[in-house]
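Both counts, for ligands and for their atoms, begin at 1 and track the order of listing. Model, not experiment: these values are computed from the prediction.
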Amino acid sequence: MNWLALEKQVIEIVYKTGAFIREAAAKFNRSDIEFKQGFNNLVSYVDKEAELRLVNELSKLIPGSGFLAEEGTHSKSTSGLTWIIDPLDGTTNFMHGAPPYAISIGLAEGDVLKLGVVYEITRDECFHASEGNPARCNNRIIHVSPVQALNESLLATGFPYYHSDKKEAYLHIIKVFLEKTHGIRRLGSASVDLAYVACGRFEGFFEYNLNPWDVAGGALIVQQAGGIVSDFQGGKNFLHGGELVAAGGIHREMVDVIKPIWFSGL
Ligand code: IPD
Ligand code: CA
Ligand code: CA
């Protein structure tokens, strides 16, 4: 597979769908908001229409590819490759007119990521990478931050819509990081958090209760930018496991904070 050629084709597709989302943002009304589950998990015709457009175009690129997409497109792969899609990551931001929000696309063979594209619509920044090729932002090669120490770092995190019995442990991790870093940001789009780790704006990102479509595209971009992506144990189960830590030189230090608290039974 010529991954770089495929990367370019996917970028064309996200630009087109991104233009649709940008136009929709200009005329979006609060009355367009629908609720998936509960009062805080929002969706709209924009998420659904963007997914339909992406699936329609991407299915032409690799015959027999499967789909795992947030708004319901699930199909098995006969080619071994599966597109993992969040048509609008940062949907709450979008509905409140606040940046950032993005289209996130990953392509996986089993659990191995091959290609990732995260298009942050409000700043018109397209982050992309694929197997054997460097991570780029708008075609410029990017790298994770060279910073090696937690106390010189800016971190990002997210707050899940649903909290399990792990909420106390999570809040404790946030407290420790607040005391040991330059600060913590919560942008509202996990794929953008990952893209910002890839280009060195953030030294690290961690979150729990994530779905594969939140992380597939951005995780590969971090890896190809020289970073490490893991679960909270420091292991490899970040795509379907829900917990993720992504960073450059401070990855070990982050896991050393997260792991003992997360598994302490708090
Ligand atoms: C959400 C965003 C947010 C993260 C949530 C995700 P959505 O995705 O990525 O940053 O904290 O866990 O569910 O709902 O905007 O696609
Ligand atoms: Ca998402
Ligand atoms: Ca979404």
Basic-acidic side-chain contact under 4.0 Å: R53, E49: yes
Side chain, backbone, both or neither: the part of D214 lying under 4.0 Å from ligand 1 by heavy atom: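 For D214, only side-chain atoms sit under 4.0 Å from ligand 1.
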For ligand 1, the portion of N93 having any non-hydrogen atom under 4.0 Å away: neither
For the Ca ion (ligand 2), find the closest N/O/S atom belonging to [X] and write down its atom name.
X    : value
D89  : OD1
D86  : OD2
D214 : OD1

Any side-chain heavy-atom pair of P99 and R123 under 4.5 Å: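 In short, these two side chains do not touch, never coming nearer than 4.5 Å.
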Near-ring test F159/Y170, centroid separation under 6.0 angstrom: no
Parallel, tilted or perpendicular: rings of F94 and Y101 (30°, 60°): perpendicular
Parallel, tilted or perpendicular: ring planes of Y45 versus F20, cut at 30 and 60 degrees: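 Because their plane-to-plane angle is over 60°, the rings of Y45 and F20 count as perpendicular.
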Check: I121 main-chain N/O paired with D124 side-chain donor or acceptor under 3.5 Å: no
Options D89, N209, V192, ranked by nearest heavy atom to atom 1 (C) of ligand 1, top entry: D89
Closest to atom 10 (O) of ligand 1 among A156, G188, G242, S191 (heavy-atom distance): G188
NZ (K60) with more than 12 external heavy atoms under 6.0 Å: yes
Which heavy atom of the protein is the closest neighbour of [atom], given with residue, atom name and distance?
atom                    : result
atom 15 (O) of ligand 1 : G90 N, 2.7 Å
atom 16 (O) of ligand 1 : D86 OD2, 3.1 Å
atom 14 (O) of ligand 1 : Y161 OH, 2.7 Å
atom 12 (O) of ligand 1 : E207 OE2, 2.8 Å

Heteroatom test (N, O or S) for E70 near the Ca ion (ligand 3), limit 3.0 Å: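 Under 3.0 Å: E70 contacts the Ca ion (ligand 3) through an N, O or S atom.
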W213 backbone or side-chain N/O/S under 3.0 Å from the Ca ion (ligand 3): no
Criterion side-chain hydrogen bond (donor to acceptor under 3.5 Å, both in side chains) against S130, the qualifying member of R136, K8, E7, K114: E7
